[in-house]
Amino acid sequence: MGEPGTKEVLNLEELQASGGVRTGRRHVLSILVENKPGVLARIAGLFARRGFNIDSLAVGPTDEASMSRITLTVDGATHPIDQVTKQLHKLIHVIKIRDLEPDERVARELALFKVSCQDGESRAQVMQFTEIFRGSVVDVSKRSVTVEITGTDDKVEAFEDMVRPFGLIEMVRTGEVAVARGRGAT
Amino acid sequence: MRAVDAIMECLKAEGVEHVFGIPGGANLPTYDALYDAGIRHVQCRHEQGAGHAAEGYAKASGKVGVALATSGPGATNLVTCIADAVMDSVPTVFLTGQVRTELIGTDGFQEADISGITMPIVKHSILIQAPRDIPRAIHEAFHIARTGRPGPVLVDIPQDLSRADIPYEPVASVRLPGYQPTTEGNAKQIRLAAKALANSRRPVIYGGGGVINADAAKEFRELCVSDVFPVTCTLMGLGAFPADDVQWLGMLGMHGTRTANYAMDEADLIVAIGARFDDRVTGKLTEFAPRAKFIHIDIDPAEISKNVPAHIPIVGDAKRILPKLTAEYRALGADRSRLDAWWQRIRGWQEKYPLRYDDADDGEIKPQYMIQAMYEATDGRAIVSSDVGQHQMWAAQYYGFTRPRQWINSGGLGTMGFGLPSAMGAKVARPDEDVVCLAGDGSLIMTVQELATCVTEQIPVKVFLMNNGYLGMVRQWQELFWDRRYSHVEMGASPDWVKLADAFGALGMRVTDKGELGEALKTALSEDGPVLVDVHVTKEENCYPMIPAGQAARDMVG
Ligand SMILES: Cc1cc2nc3c(=O)[nH]c(=O)nc-3n(C[C@H](O)[C@H](O)[C@H](O)COP(=O)(O)OP(=O)(O)OC[C@H]3O[C@@H](n4cnc5c(N)ncnc54)[C@H](O)[C@@H]3O)c2cc1C
Ligand SMILES: Cc1ncc(C[n+]2csc(CCOP(=O)(O)OP(=O)(O)O)c2C)c(N)n1
């Protein structure tokens, strides 16, 4: 077999492929979008069409009136995360996407738990857990308490495990919102 | 001025000379403005015809194609075209009328949520909410449609807003903070790509529709001939490299040549340029080009490593990147003779596995022969717009395209009925060229009403109908993979195509004998008006070679 003849030798075998990797963990995407009609539908539609699953999604206004921020969590085990972000970037109203790594984000979620309390003792226990989780009781009835918990999704899930045995009547979660740690913008 | 008059100004500012469409209630104001706007409107017979005509226009000229429809059924009739345009990255703008704003959401007469319906198949869409937004929206639509990876943009305009009076000022430039396509290509990556090429011993250049989109056929060729690189193209890339060149391997993929597919299989380095590793090209992904490293040049970052992981990704416009890559490559002084062994192997395949068919020795017309006769009659110079099926594949194999924008077809969506309206659009864009519609009998009848448009609007396309009496491509699959159980693929003898052409006011001709074919095609080409030539070909001919679906290059049959 002939020699390349060039002085700039490169062994093709050493080239590494990039992209298309499944990270196997949960990703929190912070997406800055123009506040245009249908922008949420476009994002949701894109996930549906490409077969990506959204674990949670929270959307709201930002400090700038023309922009909204969407915090979206996706499972990086089932989808190559670079495909997800690249496809999102193709939407004209998407300005910026940041995949916030666990150590560079502050994330919070709010959850409301309506827990059944048949007697004073279980009510006292639930209120004690609430205190430990730095939550607050936002409503009480004869046979239930409603507790508000704020924290990362791990914390919310831990609280859920604690109160489930009492009888969880209802739970509502907002989905996480997140910002980057430190002075810089997300 | 009325918003609709502003729309006309915007269209003219965008260089629009021709539009295709059908009026209705919700876009009456637009049509009123069109009445004396100085833009040629081609009144089609079905909105699908208008949409595909806009695509054919865009594919033949590189300009943005424009189609107009009214709300509801008019708009939904465009859906197939929009899906087609997104799959093949065709720069198109679709302007639809919408019901009056007060009726939106009330199931008003002829209301359809066309932005919602088309959301997954547009590059972008804009639902107008205030009349003063209209001029900017139109310019944004054109900008988005033609730049970056081109595609369809829908602008949906409620009837009342289009009639409103607005202060019109020409829009100088559009600013879209979320849309900034990368064009230049990373210099380091380009250098690395050149180095990889110089060190490869079994390279293949794999060009796609993006080369044609980028108007980069010249730059593509220069890279290819900067050494003796073997070249193949996808169905959408045909014409990007001349088929009569010694470095040409033929099309690759499902109905590509054995040589092209075997070369991909054994290559050590593949340079994909404006090509998207479609499953018709790769077959079984895990067995696709198993020995190769990939350089992938594409303007759409999402294409990189979507199907096949790239080793050297280069995001940008092929027209900008290729000259730099060629220059870097030339500077490396690679020894051409390193490719001798590779060419020896390739020439071996070419000799052993040329494209071939058994020609008939009586008057029977083999479909492959028909394509060759078409080539002869047109001197290989015609713009060919094809329908979808076997005939499309035979044209891809046997016509031998030599220049970009000469071959127009529906690849990604595979839309039967694309051929005639698209040929019509191509002829409007390139009136001085011979434009041939290569049709299948199953496909043609899906949009044959556009013959009326061709006659009335004096658009002399030549329809060469490959009539095999079957939905041939499906019949072939039933024969090969479904035990010859021909389920609902026969077309029978209806219609009488000559009479049909005649009824439309076009010239109809029929050819059943091989000896008469060449003359008939030439006569058709020399006629002034639209002509339909009904060519009766072998009924049950199969298109070979082929990679059965989901298999690998090495599994090619026929
Ligand atoms: C019946 C049938 C059979 C078929 N059989 C085959 C077959 O055997 N072989 C085959 O190849 N195809 C076949 N196809 C077509 C196939 O389905 C795909 O449409 C085709 O392979 C895609 O071509 P492409 O990769 O060139 O991409 P295209 O769809 O043409 O996409 C163009 C690519 O170029 C990029 N691009 C656009 N502009 C630029 C620019 N300026 N610079 C850089 N990049 C740019 C785009 O982002 C995109 O990735 C068949 C279709 C049908 C209907
Ligand atoms: C709108 C549409 N419907 C169905 C198909 C599926 N299909 C693919 S090829 C084909 C047969 C095409 O028949 P014809 O136009 O006669 O061409 P031939 O294959 O016989 O050359 C069909 C039905 C399609 N591609 N498009």
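The sequence lines fix the lettering, A, B, ..., with proteins before strands; numbering per chain opens at 1.
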Under 4.5 Å from any heavy atom of chain A, what part of B/Ala334 do you find: side chain, backbone, both or neither?
both

To the nearest 0.5 Å, what is the distance between CD1 on A/Ile92 and CD on B/Gln180?
10.5 Å

Below 4.5 Å from any heavy atom of chain B, which atoms of A/Glu8 appear? Answer side chain, backbone, both or neither.
both

What heavy-atom pair brings B/Ala196 and A/Leu10 nearest, and what distance separates the two atoms?
CA-CD2, 3.5 Å

State, to 0.1 Å, how close B/Met119 and A/Gly38 come at their nearest heavy-atom pair, and which atoms those are.
CE-O, 4.4 Å

Output every pair passing ring-ring contact (aromatic ring centres under 6.0 Å, His included) with a member in residues 124-147 of chain A, not counting sequence neighbours, ordered by first then second residue.
A/Phe133-A/Phe159

Under 3.5 Å, side chain of A/Lys86 to main-chain N/O of B/Lys306, donor-acceptor pair present?
no

Please classify the contact between B/Ser125 and chain A as side chain, backbone, both or neither, with a heavy-atom cut-off of under 4.5 Å.
both

Go through it in stages, so that I can follow the logic: the residues are A/Asn11 and B/Asn199, the test is side-chain contact (heavy atoms from CB on, under 4.5 Å), and I'd like the CA-CA distance, side-chain angles, deciding distance and then a yes or no.
CA-CA 7 Å; A/Asn11 183 358; B/Asn199 283 277; over 6 Å; no

Is it the case that more than 12 heavy atoms not belonging to A/Arg164 sit under 6.0 Å from its CZ atom?
no

Enclosure of A/Met171 CE (heavy-atom neighbours >12, cutoff 6.0 Å)
yes

So if I take each residue of residues 135-149 of chain B and look for any heavy atom under 4.5 Å from a heavy atom in chain A, which residues do I end up with?
B/Ile144, B/Arg149

Side chain, backbone, both or neither: which part of A/Leu91 has an atom under 4.5 Å from a heavy atom of chain B?
backbone

Verify the neighbour count for atom CZ of B/Arg100: are there more than 12 heavy atoms of other residues, nucleotides or ligands below 6.0 Å?
no

Does A/Gln128, at its CD atom, have more than 12 non-hydrogen atoms belonging to other residues, nucleotides or ligands within less than 6.0 Å?
no

Is B/Lys293 in contact with chain A via its backbone, its side chain, both, or neither, using a 4.5 Å heavy-atom distance?
side chain

Report the distance from atom CZ of B/Arg202 to atom CG of A/Leu12, rounding to the nearest 0.5 Å.
9.0 Å

Choice from B/Ser337, B/Ala310, B/Gly333 maximising heavy atom contacts with chain A below 4.5 Å
B/Ala310

Are there more than 12 heavy atoms of other residues, nucleotides or ligands under 6.0 Å from atom NZ of A/Lys155?
yes

So what's closer than 4.5 Å to chain A heavy atoms on B/Asp340: side chain, backbone, both or neither?
neither

Which atom of A/Ala17 lies closest to which atom of B/His311, heavy atoms considered
N-CD2, 3.4 Å

Sidechain-backbone polar pair: A/Glu3 side chain, B/Arg338 backbone, donor-acceptor under 3.5 Å
no

Rounded to the nearest 0.5 Å, what separates atom CG in A/Leu15 from atom CG in B/Asp268?
10.5 Å

Under 4.5 Å from a heavy atom of chain A, the part of B/Pro313 involved
side chain

Minimum heavy-atom separation for A/Ile95 to B/Gly178, with atom names?
CD1-N, 3.7 Å

Contacting region of B/Asn307 [heavy-atom separation from chain A under 4.5 Å]:
neither

So with a 6.0 Å cut-off around CZ of B/Arg336, is the heavy-atom count from everything else above 12?
yes

Where does B/Leu332 contact chain A at under 4.5 Å (heavy atoms): side chain, backbone, both or neither?
both

Of the backbone (N, CA, C, O) and the side chain (C-beta and beyond), which part of B/Leu127 lies under 4.5 Å from a heavy atom of chain A, both, or neither?
neither

Just give me the residue among A/Leu46, A/Val9, A/Val94 that pairs up with chain B most often, heavy atom to heavy atom, under 4.5 Å.
A/Val9

I want to check something: taking the side chain as every heavy atom from C-beta on, are A/His89 and B/Pro301 in contact at a cut-off of under 4.5 Å?
no

Heavy atoms only: give me the nearest A/Lys90-B/Asp300 pair and the separation to one decimal.
NZ-OD2, 2.6 Å

Should the heavy atoms of other residues, nucleotides or ligands under 6.0 Å from CZ of A/Arg98 be counted, would the total exceed 12?
yes

Look at atom CD of A/Glu148 and say whether more than 12 heavy atoms of other residues, nucleotides or ligands are closer to it than 6.0 Å.
yes

What residue, out of A/His93, A/Arg42, A/Arg49, A/Gln87, has the most heavy-atom pairs lying under 4.5 Å from chain B?
A/Arg42

